[in-house]
Colleague: 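Quick one: the structure is below, and I'll ask about it shortly.
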Amino acid sequence: MASSSPSKHVFLLALFVLLLPISAFAQTNNGLNISVGTSLTATQNSSPRLSPSGDFAFGFCQLPNQNNLFLLCIWYAKIPDKTIVWYAGNNPPATAQTGSKVSLTSDRGLVLTDTQGKELWTSDIVVGDVYKGVMTDQGNFQLQDRSSETLWQSFDHPTDTILPSQVIDRGGILSSRRTETNFTRGRFQLRLQQDGNLVLNTINLPTDFANTPYYASGTDDETNSSTSGMQLVFNETGSIYVSRKNGERFGLADGGVVSSRDNYIRATLNFDGVFAQYYHPKNGSGSWTYLWSIPGDICLNILLDLGAGVCGFNSVCTLNQENRPTCKCPRNYTLIDPNDEYGDCKPDFIQGCAEDELFGSQGGDVLDLYDLVEVPNTNWPTSDYIVLRPFTADMCRESCLRDCLCAVAIFGGEACWKKKLPLSNGRVVNENSRAFLKVRKAKYSILPNGSHGLVPKVLEKEKDQDTLILVGSVLLGSSVFVNFLFIAAACLGFFFIYQKKKGKTVNVSAVNLRCFTYKELEAATDGFKEELGRGAFGIVYKGIIQTSSSVVVAVKKLNFMARESEKEFRNEVNAIAQTHHKNLVRLLGYCDEGQDRMLVYEYLSNGTLASFVFADKKPSWKERTEFALGVAKGLLYLHEECSTQIIHCDIKPQNILLDDFYNVKISDFGLAKLLMMNQSQTQTAVRGTKGYVAPEWFRNKAITAKVDVYSFGVVLLEIICCRRSVDMEVTDERQEILTDWAYDCFREGTLEFLVNWEAEALNDIKTLETYVKVSMWCVQENPSVRPTIRKVVQMLEGVVEVHDPPCPFPAYSITN
Ligand SMILES: *[C@@H]1O[C@H](CO)[C@@H](O)[C@H](O)[C@H]1NC(C)=O
Ligand SMILES: *[C@@H]1O[C@H](CO)[C@@H](O)[C@H](O)[C@H]1NC(C)=O
Ligand SMILES: *[C@@H]1O[C@H](CO)[C@@H](O)[C@H](O)[C@H]1NC(C)=O
Ligand SMILES: *[C@@H]1O[C@H](CO)[C@@H](O)[C@H](O)[C@H]1NC(C)=O
Ligand SMILES: *[C@@H]1O[C@H](CO)[C@@H](O)[C@H](O)[C@H]1NC(C)=O
Ligand SMILES: *[C@@H]1O[C@H](CO)[C@@H](O)[C@H](O)[C@H]1NC(C)=O
Ligand SMILES: *[C@@H]1O[C@H](CO)[C@@H](O)[C@H](O)[C@H]1NC(C)=O
């Protein structure tokens with residue numbers, strides 16, 4: 001694990017402090033107006049222009065989590081939590097890199113240009129000559145001419161927030177952000193339509209097409225032309241209303257007005273579609289407090305025939321105290337994108353007619369395959385495909401269980417509504433109905449947080465027939481009479497079915513997992529004679545299995561899990577056997593005879609990545625970049641692409657093998673799980689190998705797939721530099737710990753040291769730089785800052801931009 005000297009930590013602390021966004025705190029600026037010809041530059045410490053009272057600031061603000069990207073914006077200067085009320089450019093926002101400039105010109109007003117002078121955004125004044133720019137105490141940035149006439153103002157170009165004294169005319173729009181921290185235009189709008197109606201609607205991104213509103217004030221011309229809405233007014237004292245043609249007001253909220261003298265007040269169209277008013281004490285203490293919002297219940301109000309609702313498909317929406325939506329996947333469903341809690345959910349199991357049918361044709365009963373669990377007070381009102389009545393609750397349940405299209409059944413009165421995937425507009429309801437959600441029965445689980453697999457009952461019946469081999473075994477001959485059939489061979493979930501030999505022909509792409517006897521393997525390895533290697537899990541021997549031809553194999557004699565039951569062991573082995581990826585070592589069979597447990601793998605002729613990368617003669621740069629990408633892809637498969645997430649826990653060059661064509665193949669995956677099962681809950685020992693293990697192992701923190709990302713980061717550096725992560729032999733002690741040294745080189749811009757001036761790597765400096773940056777992101781101390789392995793692959797492949805990583809070792813860390 002990374003370690004560094006105390007003095008280095010002091011240095012890193014200083015660096016860290018320097019990197020803090022200073023612009024947010026630089027408030028000693030005076031309130032001078034901006035005159036034509038002056039400009040502001042986007043840097044970490046550029047001072048904003050303040051309004052006379054100092055309440056509002058105009059300038060560049062750093063994008064969250066983006067070191068060198070800025071928006072031109074207006075924010076509250078006196079309160080600590082930075083609240084942006086306006087930003088330049090709405091679709092898309094004008095993102096400016098460090099060094100970009102905004103200048104005030106007399107003919108075009110504000111002009112924002114990047115470092116190359118390319119125009120990013122402009123206020124575009126058409127009439128009049130601009131003389132100065134003024135940041136007002138209302139939070140309005142104005143461009144005025146010589147006689148202080150306003151030619152342009154930010155209040156006329158609102159983004160997602162309006163402020164007291166701001167008015168929106170017919171045709172005016174507020175657009176939500178994509179997320180709280182992503183200022184790209186989101187899918188929600190607040191509009192005062194040309195007909196006077198104030199509405200909230202979603203749009204079909206990336207177009208502007210507005211869907212049917214989910215809120216409408218009803219102040220349109222058609223309802224009553226004399227009372228239709230002319231403006232949306234946020235008056236000085238903090239009331240928001242639609243002012244009607246006849247001078248009357250349509251208030252958006254009853255009461256709920258706070259003192260605008262003591263409080264900042266704003267109304268924002270949040271990224272989740274809720275338009276809400278908030279206040280914050282001016283004296284600096286406290287935080288934003290919610291006053292009121294529209295619509296009344298966004299979970300219920302967004303209800304279109306098509307579309308997911310405010311939450312993603314298969315998700316369920318509830319409101320929090322501030323009337324904002326919270327989305328949650330139902331039981332046995334998980335988010336497709338774990339970082340997007342408002343996104344779609346997917347079932348943790350496969351459900352499809354093909355599987356059900358196959359299961360049935362093998363003598364199984366679908367009632368053994370699924371459970372219907374009752375989820376209280378939940379409905380997905382737009383996903384019905386049939387209603388059956390008169391039905392009883394039991395008939396409803398059975399009908400859904402036996403129907404491979406049915407994902408949920410709602411029973412109420414005498415009616416049974418069956419619903420299909422994807423489920424949309426999920427919400428909590430207070431109806432007199434019962435919701436039954438169909439889930440695959442869990443016979444066992446693979447990982448603490450992973451999904452689940454299934455062994456149908458029919459398989460268990462075969463237990464006494466101890467030769468469990470697959471028919472259609474190309475590799476292992478024909479003396480077989482029981483089959484494992486893995487549907488959708490690669491990774492669609494697993495689910496095995498047995499079949500008598502004389503039965504139908506079986507999918508040949510299915511897994512050929514053979515159960516060997518101890519004697520067979522003893523013979524194959526010639527009495528465990530030739531040792532190929534030793535690892536945490538046991539010793540590996542070379543062997544030859546005789547079938548119609550001879551197959552060279554690697555036999556791993558496991559040295560643990562004496563206590564584990566036979567069934568659990570087989571389940572785990574089967575899970576490993578179902579992985580099928582170019583960058584993973586194939587499991588061919590196993591032996592399970594009491595104390596003697598062995599795994600039989602394909603034999604790879606070219607040894608380990610360690611022996612290759614740390615050899616005297618380095619592999620070429622091109623080969624190394626391919627190794628790195630291969631390892632990342634193998635891990636991506638383990639983490640995200642097989643039905644059961646597998647966390648490796650011990651990624652290191654010794655566990656990565658090379659085949660005849662120098663493809664890298666990860667080995668030993670799935671074994672950490674076996675090992676952990678063997679330990680009682682309380683004694684979770686550190687898994688993995690010194691130098692590669694993530695800090696959370698030592699901190700009693702949750703172990704997630706990010707531990708592998710950490711180890712991958714270390715391995716990636718080793719591949720880049722062709723040296724071990726810890727090397728006490730080096731002459732310069734700064735270089736002992738590879739991660740520390742690499743960060744130093746990255747920061748100082750001296751990457752050539754890392755590759756020892758290797759010409760091929762330096763000719764490809766862009767890739768080198770990308771790879772180093774990616775590794776720095778992977779070895780971040782905080783697991784949540786590390787990218788997912790999917791992101792890593794994308795970064796290595798160059799399909800997403802790699803930002804400059806922060807220092808991987810925060811100064812407070814206690815490393816060892
Ligand atoms: C800035 O502009 C405002 C509005 O035109 C004006 O009232 C004020 O006097 C100006 N302040 C300075 C210091 O020029
Ligand atoms: C913001 O969201 C858009 C659209 O989803 C995406 O393309 C963009 O990369 C995001 N920006 C950031 C900084 O995450
Ligand atoms: C329109 O509103 C005005 C004022 O509230 C009312 O006097 C008038 O009767 C309404 N007209 C219609 C057609 O409802
Ligand atoms: C703002 O509107 C509210 C409600 O209509 C009204 O009571 C208040 O007097 C208004 N304030 C100003 C300054 O006009
Ligand atoms: C700040 O203002 C609020 C209400 O305006 C008041 O309750 C609180 O005591 C004030 N705090 C300070 C530190 O002045
Ligand atoms: C479904 O979820 C329950 C608890 O939330 C869990 O016990 C069960 O194993 C899960 N089943 C499957 C098939 O994921
Ligand atoms: C699994 O997830 C839960 C909640 O998301 C977390 O509390 C727990 O620590 C995780 N366990 C592991 C082993 O990752």
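Because the structure is predicted, anything quoted here is derived from the model rather than measured. In each ligand, atom 1 is the first atom listed, and ligand 1 is the first ligand listed.
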Colleague: Find all atoms of ligand 1 within a distance of less than 4.0 Å from any non-hydrogen atom belonging to S148, and give their numbers and elements.
Modeller: 5 (O)
Colleague: Examine the side chains of D81 and S287 and answer whether a donor and an acceptor come within less than 3.5 Å of each other.
Modeller: no
Colleague: State the CG-CG distance between L192 and L174, to the nearest 0.5 angstrom.
Modeller: 10.5 Å
Colleague: Using a strict cut-off of 4.0 Å, indicate which atoms of ligand 1 neighbour a heavy atom of Q144.
Modeller: 4 (C), 5 (O)
Colleague: If you compare the SG positions of C345 and C329, is the separation below 2.5 angstrom?
Modeller: yes
Colleague: Any ring pair (Phe, Tyr, Trp, His ring centres under 6.0 Å) involving residues 122-149? Give me the pairs, sequence neighbours left out, ordered by first then second residue.
Modeller: F58-F141
Colleague: Within ligand 1, which atoms have a heavy atom of K132 less than 4.0 Å away?
Modeller: 2 (O), 5 (O)
Colleague: Is the backbone of L163 close enough, under 3.5 Å, to the side chain of R266 for a donor and an acceptor to pair up by distance?
Modeller: no
Colleague: Out of curiosity, is Q142 lining ligand 1, as in a heavy atom under 4.0 Å away?
Modeller: no
Colleague: Specify whether Y76 and Y264 have parallel, tilted or perpendicular ring planes, treating 30° as the upper limit for parallel and 60° as the lower limit for perpendicular.
Modeller: tilted
Colleague: If you count the atoms of ligand 2 from 1 in the order shown, which ones are under 4.0 Å from a heavy atom of Q66?
Modeller: 13 (C)
Colleague: Check each protein residue for a heavy atom under 4.0 Å from ligand 4 and list those that pass, ordered by chain and number.
Modeller: N235, T237, S239, Y241, R249
Colleague: Nearest 0.5 Å please: distance from the CG atom of N33 over to the CE atom of M135.
Modeller: 11.0 Å
Colleague: Distance under 4.0 Å to a non-hydrogen atom of R178: what atoms of ligand 2 satisfy this?
Modeller: 2 (O), 4 (C), 5 (O)
Colleague: Strictly distance-based, threshold 3.5 Å: is any side-chain N or O of S175 a donor or acceptor partner for the main-chain N or O of R185?
Modeller: no
Colleague: Less than 4.5 Å apart, side chain to side chain, heavy atoms only: is that true for S293 and V274?
Modeller: yes
Colleague: Give yes if a backbone or side-chain nitrogen or oxygen of N182 is under 3.5 Å from a nitrogen or oxygen of ligand 2, and no if not.
Modeller: yes
Colleague: Could you tell me which atoms of ligand 1, counted from 1 in the order shown, lie closer than 4.0 angstrom to a heavy atom of V134?
Modeller: 2 (O)
Colleague: For ligand 1, which atoms sit closer than 4.0 Å to a heavy atom of N33?
Modeller: 1 (C), 2 (O), 3 (C), 8 (C), 10 (C), 11 (N), 12 (C), 14 (O)
Colleague: Could you check whether any side-chain heavy atom of N235 comes within less than 4.5 Å of a side-chain heavy atom of Y241, counting everything from C-beta outward?
Modeller: yes
